[in-house]
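Reviewing the structure listed below.
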Amino acid sequence: MKVSLKDIIRKLRKYEVRIRKAVHSHMHGNYHSIFKGSGIEFSDLREYQYGDDIRTIDWNVTAKGHGSYVRLFQEDKEQHIIFLVDVSSSLNIGKDDQTKLDIIKEITGVLMLSAVKEGSEIGLVCYSDKKELYVAPNKGVKHAYYLINKLFSLESESKLTDLNKATQYTLSILKRKSIVIVLSDFIDENYDKNLVSLSKKHDLVLIQIQDTREMLLPSMGIIPLLDTETNKTIWVNSSSKTFRITMEKRLQAIQEKLENFSKSNEANYTCIKTHEDYIIKLVELFRVRNFHKKSA
């Protein structure tokens, strides 16, 4: 039975309210800094006061001999947020209505509703090994509903994955500093270079989705596995200890790689499993972002 857009919106709005309440509870109402981390512009000058951060001193003006001056900055109120969503077939794993792709769509929708309520402009890129959809950033709840409708009704033309092309395309369309939120299982290779470029030019957030059955296959002897991207069936020995260890190590390696990348490149990262309450994970992600921006 196909779920209506109205029902989808109702569910996402309920989750968005949960996030807002949790964030207000844990951050004492400091909700506005969650999405507005990268848009900082020079505003004015004033005389240096005891306690000011010396890094804000404008040495060119101070050198003129009329006293020490610090630069004032204000947050750019028109923050751009781009959601880069992996829609390849490797995400069609999980229970009915709770596949990795289902969870990615829900998380994207919830974050979109949160972002537009803060006045941010949001845009959407959906990618497999080709551009499946691009909608330029805009403001407002109606725009968020439009994006959610496009995302939930999208049927990908390709089943393959190419995160390198996806990140390269995203870099090419961004003309100003933005928050880029990448949602994927990251089961791919050779996308590191463009991911580094995104982190240097933009405020990067990585949300990885996993399903436990990818790591914990039941011990059933020789079984067929369908590669959803190539549509080919391979036979594996699910009872083989070597096979099970290999599968587990592969997924752990991806997670560790993303964790290390985020630490090295000042990006934010979280891993969410399909059976988890992702609202809790998102609130924790926001708490970390909030802390880092206060410390910056």
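Numbers here are sequence positions counted from 1.
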Notebook entry, point to check: Hey, mind stepping through Y15 and Y278 against ring pair (Phe, Tyr, Trp, His ring centres under 6.0 Å) and telling me if it holds?
Noted result: CA-CA 10 Å; Y15 286 175; Y278 59 77; 5.6 Å; yes

Checklist line | Working for side-chain contact (heavy atoms from CB on, under 4.5 Å), residues V125 and L133 | finding: CA-CA 6 Å; V125 176; L133 175 69; over 6 Å; no

Item checked: CA sep, side-chain torsions, deciding dist, call: D7, R10, salt bridge (Lys or Arg N to Asp or Glu O under 4.0 Å) -> CA-CA 5 Å; D7 289 335; R10 185 183 295 114; 2.7 Å; yes

When you compare the side chain of [Y] with that of [X], does any pair of heavy atoms fall below 4.5 Å?
X: L206; Y: L195; value: yes
X: R18; Y: D277; value: yes
X: T270; Y: E284; value: no
X: V180; Y: V205; value: no
X: R13; Y: V17; value: no
X: L204; Y: V182; value: yes
X: I209; Y: F186; value: no
X: Q255; Y: Q210; value: yes

Note to self: Tell me whether the count of non-hydrogen atoms from other residues, nucleotides or ligands lying under 6.0 Å of CZ in F152 goes above 12.
What the structure shows: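 Atom CZ in F152 is packed in, count exceeds 12.
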
Next item on the list: Tell me, yes or no, whether the heavy-atom count around E266 atom CD, taken from other residues, nucleotides or ligands under 6.0 Å, exceeds 12.
Entry: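 No.
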
Any side-chain donor near an acceptor of the partner, [X] and [Y], under 3.5 Å:
X: N194; Y: N164; answer: yes
X: D102; Y: T99; answer: yes
X: D185; Y: S90; answer: yes

Check: What pairs meet the salt bridge (Lys or Arg N to Asp or Glu O under 4.0 Å) rule with one or both residues in residues 191-201, with sequence neighbours excluded?
Finding: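 Sorted result for residues 191-201: D192-K257.
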
Item checked: Any pair counted as salt bridge (Lys or Arg N to Asp or Glu O under 4.0 Å), so long as it reaches residues 107-117, sequence neighbours left out ->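 Residue pairs with at least one partner in residues 107-117: E16-K117.
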
Next item on the list: Could you give me the CA-CA distance, side-chain angles and deciding distance for K100 and D211, then say whether salt bridge (Lys or Arg N to Asp or Glu O under 4.0 Å) is met?
Entry: CA-CA 7 Å; K100 291 190 290 184; D211 188 273; over 6 Å; no

Notebook entry, point to check: Do NZ/NE/NH1/NH2 and the carboxylate oxygens of K165 and D188 come within less than 4.0 Å?
Noted result: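 No.
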
Margin query: Please tell me whether L5 and L147 are part of a single hydrophobic cluster in this structure, the criterion being side-chain heavy atoms less than 4.5 Å apart.
Written below: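 In one cluster with L5: L147, yes.
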
Check: Counting N and O atoms only, with roles assigned by atom type, does the side chain of K175 sit under 3.5 Å from a partner on the main chain of S172, one being a donor and the other an acceptor?
Finding: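 Answer holds: yes.
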
